[in-house]
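The structure appears right after this line, and notes come after that.
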Amino acid sequence: MLLTQPPVSLVRKYRPTLSQLALAMGLGLSGLSVSALIHADPVVDVKQAFAIPSGALDSALVLFGQQSGVLVSVSGDLSQGKQTRGLQGNYSVDQALSLLLQDSGLVAVPQTGGGYIINRPEPVVSQHGAVQLPTLSIQHKREFRVSKGATNLPMEIKDTPQTISTIEQESLRDFGVSNSNDALRMGTGINVDEWETNRTGYNARGFDIMLTQVDGLGMTNDWGLVEGQLDTFLFDKIELTRGANGLLTGVGNASGTINFVRKRPTNEDGGEVQLSGGSHGLKRLALDYNKVLTEDGEWAGRLVLTQEDKGSYLRALNDKRTSLYGVVEGQIGLDGVLTLGLSYQDSKQRSPMWGSLTLPYADGSLADFDVSASTAQDWTRWNNQSYNAFIEYSHMLSPDWEGKVTYSHTKGSSDNKLFYAYTSTGYLNDDNTGLLGWPYRSDSESEINILDVNLTGVFDAFGRQHEAVFGLSHSRQTSLTYTYDGATFPVLPAFPYGGDVYAEPNWGAKSVASDGDQNITRLYAASRISLTDRLRGIVGINAIHLKRDGTAIYGGGTNLDNETTEKASPYFGLTYDISPDVMTYASYSDIFQAQDQRDVNGAFLAPMKGVNTEIGLKAEWFDGDLLTTVAVFSAKQKGLATIAGFDPVAQWNYYEPMDVTSRGFELEATGQVSENTQLTVGYTSLKLTGEDGSDIYEWVPRHTLKIRAATRMPMLPDLRVGTGVRWQSDVSKDGGARQDSHFIADAFAAYALSDNATLHLNVNNLFDEKYIRSVQYGAIYGAPRSVLLSLDYKL
């Protein structure tokens, strides 16, 4: 049974008088009937501001009636003793009423004369006379999924004492984005250092982002690098939490966390198919279909499939990617929900760049090549496959407490033939010679298993209701890499050269180059404590046991020798509601991160430790349609691995521990500014200093500005247009490349051919700006202007 908006003709506004409210309260206390007068706006999606504290359900309904109203009645026998978590913020009537009744075992039944009656869900009798149990639990969860965000507690973004940005599927569709790197470029405060074609580093607030999650589960990225890209069509949204992530994993740094939120089954049959074509031979097909599997609605499934084949502006580069995701969700009894999911991705890359371009000359000037310049050879390849299976079971132990068990299994494999071009001096000769070649072949495999058990709910203390989560998780990651003999190190001709200047070697025997085993067991707890009607505190702690064995992921032969670390990290936060629309906050967290980097002697660096603090102000505007955030942050990381040089004999970079401090502020406004216009503006300013107070990490932009805007044309209601702008200040690398401040503009137009069909046109890098997209490890040019044409059809 779903909560539904009554027809407009049945909705009647009703403004209660004080005497009527008193009468309603009196009837409720006498156990006869309590009527709260609730305003249901004739427009289903119009939101209203509510400020209702947690506590007794019948009292909350009366407050609800004071704030607006259509008549809502409930028997005192039903509501007596029941509690609600309260309501703070802007919601539609259906959303607000559903949230107030959450976990009460009651439903709101619309009445033909207007208003609602609160009652128990009635059983449904089938054609064969069997009684079918109601499906409120699972359908309610599908309708109102709330992410656990930065704290492991189910909190809205506005109420979380950290900066969180979301990139919704609608924005990804508008701007023709289908891969995770392009999606993350849209995020406030996130820098994408794509310094070769298949490995990428992300950073925020001056530090590498070490943690990427899917639905809140994940392990740290080795060396802060992500291999390959995810197809974003598989996800509803991407959440970007900036700042320390100690409550999420117990390990991490002061940069942030990337969380991909999977698509889940919905309550309606239907879906969409997308056909796309564009520059560099791009061809793409994407399908998303949801099906309610049983007549009673208890079970539903969803299937997502994508197939993409595209060339590149880089010489000879080609990518083929197939992604498949299926998920089934259903109700077990009255209180249980079971979710089963499986995903598969196969990525094949031809002529990839391993490493990037060398641009500096000895005099400090930079070479200027065509944007298509590549160091790759025609025989090279970088193939990745990954499988993920997950199972979730949640159970309502009582109206106030829910238990949840999640298991995730991920297995990946890689098959590589690569070619690296480098110089022993770090710069080119005047005639563009001086490059040496390094052919490389490897096979690798990895496996990640994560088990998480948690208990989430509310409890009463000191006359108030509070929220809490307790959890235990264990994760294990294993990796194994084989390399092949047969590599030589040829002297290469002047750059740029072709893809046939060095033939594929005759590969010899393979041997183990690296293996590793990492285990993390953590016990975590957090509580959101209601100190007053407006003031809330968040207290949390992570206690972890980390054990690593084997060798580093990138070899070197140095054993970790059962390295064991135990660490407890506290988290503190305060939020204060200045008004129903404005909240100020402060948060503090310890940070801790084991490190895979080695010093000049080959020994692994000690774990990085530090602290992160943040204060901010969040405000909602236009009935909650627009959220603005202002945040000031400070983080210090002690003993952070920082590149110090290159060992030409061992063929690896070596590092030294440094104390690095990041300070700055962020501004973001996101949401709907008018009936037809959506806007997201994000600005980040930061200062990075080393132990002596001087600037450090000069390859990180100190200022970034990102704007996305989309609007429907009033004179042509079937047409939507929009633009996206990314600007950053200058960056450089000592002894390497540099890039002046620049901006990149994208644009789109979407025209509805019918109720089901929409045509999209995207133009990326509208002004064909030539720029270097990353200078951290060498250099590589960004993509020139490109065009994409797509047809979306609703099924």
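Note that the structure is a prediction, hence the values are computed from the model and not measured.
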Side chain to side chain contact (heavy atoms under 4.5 Å, CB included) for Leu217 and Asp452? Distances and angles first, verdict last. CA-CA 8 Å; Leu217 293 180; Asp452 184 271; 4.1 Å; yes
Do Ser408 and Asn388 pass the side-chain hydrogen bond (donor to acceptor under 3.5 Å, both in side chains) test, and can you show the C-alpha distance, the side-chain angles, and the key distance before you say yes or no? CA-CA 7 Å; Ser408 174; Asn388 173 260; 3.1 Å; yes
Go through Asp296 and Thr294 one step at a time and tell me if the side-chain hydrogen bond (donor to acceptor under 3.5 Å, both in side chains) criterion holds. CA-CA 5 Å; Asp296 55 20; Thr294 57; 2.7 Å; yes
Go through it in stages, so that I can follow the logic: the residues are Glu239 and Lys237, the test is salt bridge (charged side-chain N to carboxylate O under 4.0 Å, His left out), and I'd like the CA-CA distance, side-chain angles, deciding distance and then a yes or no. CA-CA 7 Å; Glu239 297 176 332; Lys237 61 182 177 180; 3.7 Å; yes
Passes side chain to side chain contact (heavy atoms under 4.5 Å, CB included), His474 versus His545? Steps please. CA-CA 9 Å; His474 178 75; His545 177 85; over 6 Å; no
Start with the C-alpha distance between Gln162 and Arg242, add both sets of side-chain angles, then the distance that settles side chain to side chain contact (heavy atoms under 4.5 Å, CB included), and finish with yes or no. CA-CA 7 Å; Gln162 282 188 246; Arg242 289 171 312 275; over 6 Å; no
Could you please spell out the steps behind the side-chain hydrogen bond (donor to acceptor under 3.5 Å, both in side chains) verdict for Ser386 and Gln345? CA-CA 5 Å; Ser386 65; Gln345 181 163 301; 5.5 Å; no
Carefully, step by step, assess Trp299 and Gln331 under the rule side chain to side chain contact (heavy atoms under 4.5 Å, CB included). CA-CA 7 Å; Trp299 287 86; Gln331 187 162 329; 5.6 Å; no
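Between the side chain of Thr166 and the backbone N or O of Glu168, no donor-acceptor pair lies under 3.5 Å. Under the 3.5 Å distance criterion, the side-chain polar atoms of Lys618 are left unmatched by any main-chain donor or acceptor of Thr163. Side chain of Asn290 to main chain of Glu268: a donor-acceptor pair is present (N/O by atom type, distance under 3.5 Å, no hydrogens or angles).
To the nearest 0.5 angstrom, Leu305 atom CG is 9.0 Å from Leu234 atom CG. From Ile391, atom CD1 reaches atom OG1 of Thr406 across 9.5 Å, with rounding to the nearest 0.5 Å. Distance check: Asp236 CG to Leu172 CG gives 10.5 Å after rounding to the nearest 0.5 Å. If you take OG1 on Thr629 and CD1 on Ile164, they are separated by 9.0 Å, rounding to the nearest 0.5 Å. With values rounded to the nearest 0.5 angstrom, Gln274 atom CD is found 9.0 Å from Asp288 atom CG. Between the OG1 atom in Thr266 and the CG atom in Asp269 there is a gap of 8.0 Å [rounded to 0.5 Å].
With 3.5 Å as the limit, one finds no donor-acceptor pair spanning the side chains of Asn259 and Thr241. Of the N and O atoms on the side chains of Glu329 and Thr339, at least one donor lies less than 3.5 Å from an acceptor on the other residue. With no hydrogens or angles considered, no side-chain donor-acceptor pair links Ser579 and Asp581 at under 3.5 Å. Between Asn449 and Glu447, the side chains place a donor N or O and an acceptor N or O closer than 3.5 Å (distance only, hydrogens not considered). Side-chain contact, Asn542 with Ser569: no donor N or O sits under 3.5 Å from an acceptor N or O.
For Tyr793, the OH atom counts as loosely surrounded, since its 6.0 Å shell holds 12 or fewer non-hydrogen atoms of other residues, nucleotides or ligands.
Ion pairing between a basic and an acidic side chain is recognised when a charged N comes within 4.0 Å of a carboxylate O; Asp792 and Arg173 show such pairing. Of the charged side-chain nitrogens involved, at least one lies within less than 4.0 Å of a carboxylate oxygen, so that Arg464 and Asp533 count as a salt-bridged pair.
Ser446 meets the side chain to side chain donor-acceptor pair (under 3.5 Å) test with no other residue; sequence neighbours excluded. Listed by chain and number, the residues in a side-chain contact (heavy atoms from CB on, under 4.5 Å) with Gln465 are Ser54, Gln83, Arg85, Val458, Asp460 (sequence neighbours excluded).
Residues Glu272 and Leu795 form no side-chain contact, since every pair of their non-hydrogen atoms from C-beta on lies 4.5 Å or further apart. With a 4.5 Å cut-off on side-chain heavy atoms, Leu230 and Phe235 count as touching. For the pair Gln213 and Asp215, the minimum side-chain heavy-atom distance is 4.5 Å or more. Under the 4.5 Å side-chain criterion, counting only non-hydrogen atoms from C-beta, His466 is not in contact with Arg536. Annotation: side chain of Ser587 is in contact with side chain of Tyr571 (closest heavy-atom distance under 4.5 Å). Using a 4.5 Å heavy-atom cutoff, the side chains of Asp577 and Leu535 are not in contact. Taking the side chain as every heavy atom from C-beta outward, Lys404 and Val453 never approach each other to under 4.5 Å. In this structure the side chain of Ile538 never reaches within 4.5 angstrom of the side chain of Ser527, judged on heavy atoms.
Taking the six-membered ring where tryptophan is involved, the planes of Tyr393 and His395 are tilted, since the angle between them lies from 30° to 60°. Note: Phe390 and Tyr325 have parallel aromatic rings, judged against thresholds of 30 and 60 degrees for the angle between ring planes. Note: Trp401 and Phe470 have parallel aromatic rings, judged against thresholds of 30 and 60 degrees for the angle between ring planes.
Residues Val327 and Pro265 approach most closely at CG1-CD, 3.7 Å, considering heavy atoms. Scanning both residues, Val582 and Ala619, for their nearest heavy atoms gives CG2-CB, 4.0 Å. Nearest heavy-atom pair across Leu99 and Thr84 is O-OG1, 4.3 Å. Across every non-hydrogen atom of Asp231 and Ser323, the tightest pair is CB-OG, 3.6 Å. Residue Leu240 comes nearest to Gly187 through the heavy atom pair CD1-CA, 3.5 Å, listed as atom of the first residue, atom of the second, then distance.
Under a cutoff of 6.0 Å and an axis angle of 45°, Arg522 and Tyr524 form a cation-pi pair. The cationic group of Lys263 lies under 6.0 Å from the six-membered ring centre of Phe233 and within 45° of the ring axis, placing it in a cation-pi geometry.
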